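The model shown is predicted, which means the values in this text are computed figures rather than measured ones. Order of appearance sets the numbers: ligands from 1, and atoms from 1 within every ligand.
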Amino acid sequence: MCGIVGYVGKRKALPILINGLKRLEYRGYDSAGLALMGENGLMVSKSVGKIKMLEQALEGRDSDSTHGIAHTRWATHGEPSEVNAHPHTDENCEIALVHNGIIENYRTLKEYLQRNGYTMHSETDTEILVHLVHLHYNGDLTEAVRAALTQVEGTYAIAVVSQLHPDTIVAARKGSPLVLGHGDGENFVASDVSAMLEHTNRVVYLEDGEIATVTPHDYTITTIQNVKISPRLEEIHLSLDMIEKAGYEHFMLKEIHEQPECLRNAIRGRLNFDEGMTRLNGLNLQYEELRRIKRIIITACGTSWHSALIGKYMIEEVARIPVHVEYASEFRYSSPIIDNTTVLLAISQSGETADTLAAMREAKKLGCTVLGIVNVVGSSIARESDGGVYIHAGPEIGVASTKAFTSQVMVLALIANLLGRMRQTSVSQGREMISAMEKIPEQIEQILKMEPAIQRIAEGYYRNNNALYLGRGINFPVALEGALKLKEISYIHAEGYPAAEMKHGPIALIDENMPVVVIAPKDPVHDKVMSNIAQVRARNGRVIAIATEGDHEIADHVNHVIYIPATNHLLTPLLSVIPLQMLAYHIAVLRGCSVDQPRNLAKSVTVE
Ligand code: AGP
């Protein structure tokens, strides 16, 4: 996903812009660039590759400029190249623009501009934006941006500067995140708060369809229809060290270890033990409305889709409400059957995933109540849903999701408990679930202590190029999640399968070169899973088992066993996933992979 940083104020802009881009590196990118307002007009510099390439291109160019914009690009239209990198400028380099999103009607606009004498120099959709602004410019930069955007279909977060307005940044958003930072005699624009956190904690989240005119001492916001908006200045309380690695080698390892604290935050203030009940005021639903729910659709992508699958097991077992889990990318183009007793849950760590946002909007159009289970406060999905639950996992910087996943699962357990207590779950059953939830953080701390043993297991498997993950029931989605973790950070091809399905095909893959990870907790299907393990071993397959403490017998049937504490079987995924995260992490490190920023991946996929 692209990153945007803008600064206008009293200090040198260059270091602020470069450091801001570095704080956004986690979003994934393949080129970077910036535009500075100089004495003699705009100075633009762009480079392919990492930000340090841009710094090298700028070496020795000390700029006194106090005004500029910068960008990291994750290619969608046109390959990663200097000419395709942002900022894009008009012919005379009087206007520069950076963009995150996709202009869906850019071909039509490109022809329109060419008919008006404009020449495109890049393969990007973004370039048409700056020419449109130039076309409409007649002395007022904000009005030129407004006129240009009224012709645009698609998604955008943009920042625009012009040498004709040496102390102004015009910013606008629709479908891609953009936030203003308000300082003392200086103002900031960025894709997310991490790029400005060291300078200010006073922010304004732009809403879709809003345009901001930003100067060193002021900012005004209007809608694209030119209706004035009263800025919603908020104070954020994310300290920088929450963003830094806190001494771990990678953000991902830090975030794996943060999970006990994250899950304490996920349940904090939300459990009423006396009533065996969950408190989720953010759902904005009365008890009567909760009771009226006859069907739930959960939509998400990737890891969030895996937590959705776990949520299905929880809600169906505890609340006896039918749950349908849909890939957001499929749901948004399907003809969903929705009525006013259906509720849609949209799960998204970033709250900006384009497919999930679009699926949610589709459901809203059909009159469905939409609830968001989101991590990033103020994100689009959070703000557009009718209610929801923040998972409070804190910034998740590693592209491979870990703490957000377990926090999503915990929140789904809270929702299942609440819905169940609205129906047939008794106080004592509710209390049992709540007590088990409260124990999970310390149980995870126990599992994390096994990291050295898991690292040793990784040493025996990091040279393999395939892996199979098996699980049954509520642990089948954990098998999918374990496989996704391995494949996305170590580039090993890994598949998750329902354990019983192995004999319908995948068993043909089993030999000594196909490691098989089996999630085999002491649960109602434990003996069935043991049979699956025997089938693997009979074909020289090597088995790593995730088993419940006290299950000593399993150790005689597998190559390695990692024990997890016993818990309510619906909460087992919160524990069984931890060794899989750790295993994937150490295998990826042994393979020398870029763990926090795996190739081709972005932290949040804000394009289709
Ligand atoms: C998970 O490790 C991946 N990074 C990816 O599958 C991610 O879960 C997916 O893109 C959804 O992101 P979201 O939760 O921010 O919507």
Side-chain angles (χ1 to χ4, degrees), residues 1 26-28 74 175-177 191-192 250-253 255-256 259 262 298-311 325-332 344-361 370-382 384-385 388-409 411-412 469 477-478 480-492 494 496 577-578 580-585 588 593-608:
M1 183 168 85
Y26 71 87
R27 302 160 71 88
W74 186 53
S176 294
S191 301
D192 78 39
H250 297 101
F251 282 114
M252 182 179 176
L253 186 59
E255 289 151 9
I256 289 173
Q259 290 179 105
C262 294
I298 312 181
T299 191
C301 302
T303 283
S304 298
W305 185 77
H306 296 154
S307 64
L309 289 173
I310 293 169
V325 177
E326 303 275 358
Y327 279 116
S329 54
E330 292 296 313
F331 178 83
R332 65 183 291 193
L344 180 120
L345 299 184
I347 303 180
S348 175
Q349 185 286 129
S350 62
E352 301 297 348
T353 298
D355 285 323
T356 310
L357 186 56
M360 185 184 84
R361 288 170 174 166
V370 178
L371 304 174
I373 298 176
V374 176
N375 189 32
V376 177
V377 174
S379 59
S380 301
I381 290 172
E384 292 192 23
S385 51
V389 187
Y390 280 125
I391 66 172
H392 298 319
E396 186 175 67
I397 308 297
V399 166
S401 186
T402 50
K403 63 178 187 173
F405 172 73
T406 47
S407 301
Q408 289 165 353
V409 171
V411 164
L412 287 160
Y469 286 69
V478 180
L480 295 175
E481 175 59 13
L484 176 61
K485 286 289 94 56
L486 186 67
K487 75 180 105 177
E488 72 174 325
I489 64 173
S490 71
Y491 317 143
I492 291 174
V577 77
I578 306 298
L580 308 189
Q581 295 170 343
M582 204 54 96
L583 184 65
Y585 170 79
C593 295
S594 169
V595 171
D596 283 334
Q597 297 170 33
R599 66 186 181 194
N600 309 337
L601 289 182
K603 181 58 186 170
S604 170
V605 183
T606 58
V607 294
E608 274 203 62

| said: Heavy-atom pairs closer than 4.0 Å: do any link ligand 1 to the side chain of E352, the backbone, both, or neither? | reply: neither
| Check: L484 N/O within less than 3.5 Å of ligand 1 N/O | no
| said: Among all protein heavy atoms in this structure, tell me which lies nearest to atom 9 (C) of ligand 1, with the distance rounded to 0.1 Å. | reply: C301 O, 3.8 Å
| Tell me: protein heavy atom nearest atom 10 (O) of ligand 1, and distance? | V605 CG2, 4.2 Å
| query | Which atoms of ligand 1 are found less than 4.0 Å from any heavy atom of A400? | reply | 2 (O)
| said: Evaluate K603 for polar contact with ligand 1, using N/O atom pairs at a separation under 3.5 Å. | reply: no
| query | Just distances here: any N/O of Q408 and N/O of ligand 1 closer than 3.5 Å? | reply | no
| query | Do L486 and L583 have side chains that get closer than 4.5 Å, going by heavy atoms? | reply | no
| note | In short, G175 meets R361 closest at the heavy-atom pair CA-NH2, 4.4 Å
| message | Checking E481 against T303: is there a side-chain donor and acceptor pair closer than 3.5 Å? | response | yes
| message | Any side-chain to backbone donor/acceptor pair from K485 onto S401? Under 3.5 Å, distance only. | response | yes
| query | Given E352 and S379, is the side chain to side chain donor-acceptor pair (under 3.5 Å) satisfied, shown in steps? | reply | CA-CA 6 Å; E352 301 297 348; S379 59; 4.7 Å; no
| Polar side-chain atom of E255 near backbone of I397 as donor-acceptor pair, under 3.5 Å | yes
| W305 and Y327 aromatic ring geometry - parallel, tilted or perpendicular at 30°/60° bounds | parallel
| message | One residue to check: S401. Relative to ligand 1, which of side chain, backbone, both or neither has a non-hydrogen atom less than 4.0 Å away? | response | both
| query | To the nearest 0.1 Å, how far is atom 5 (C) of ligand 1 from its closest protein heavy atom, and which atom is that? | reply | T303 N, 4.3 Å
| remark: Numbered in order shown, the ligand 1 atoms found under 4.0 Å of a heavy atom of S304 are 8 (O), 13 (P), 14 (O)
| query | Looking only at N/O atoms, are S350 and ligand 1 under 3.5 Å apart anywhere? | reply | yes
| With atoms numbered from 1 as shown, which atoms in ligand 1 lie under 4.0 angstrom from a non-hydrogen atom of K485? | 1 (C), 2 (O)
| message | Taking a cutoff of less than 4.0 Å between a non-hydrogen atom of the residue and any ligand atom, is S604 in contact with ligand 1? | response | no
| field | Distance from atom 4 (N) of ligand 1 to nearest protein heavy atom, with residue and atom | value | V399 O, 2.8 Å
| query | Does the side chain of Q259 come under 3.5 Å of the side chain of T402 through a donor N or O and an acceptor N or O? | reply | no
| message | Among all the protein's non-hydrogen atoms, which is closest to atom 16 (O) of ligand 1, and how far away is it? | response | T353 OG1, 2.5 Å
| request: For residues I489 and P598, determine if any side-chain heavy atom of one lies less than 4.5 Å from a side-chain heavy atom of the other. | output: yes
| field | Under 4.0 Å to a heavy atom of E488 - the qualifying atoms of ligand 1, by number | value | 1 (C), 2 (O), 3 (C), 4 (N)
| field | Beyond-backbone contact of F405 with I310, side-chain heavy atoms, under 4.5 angstrom | value | yes
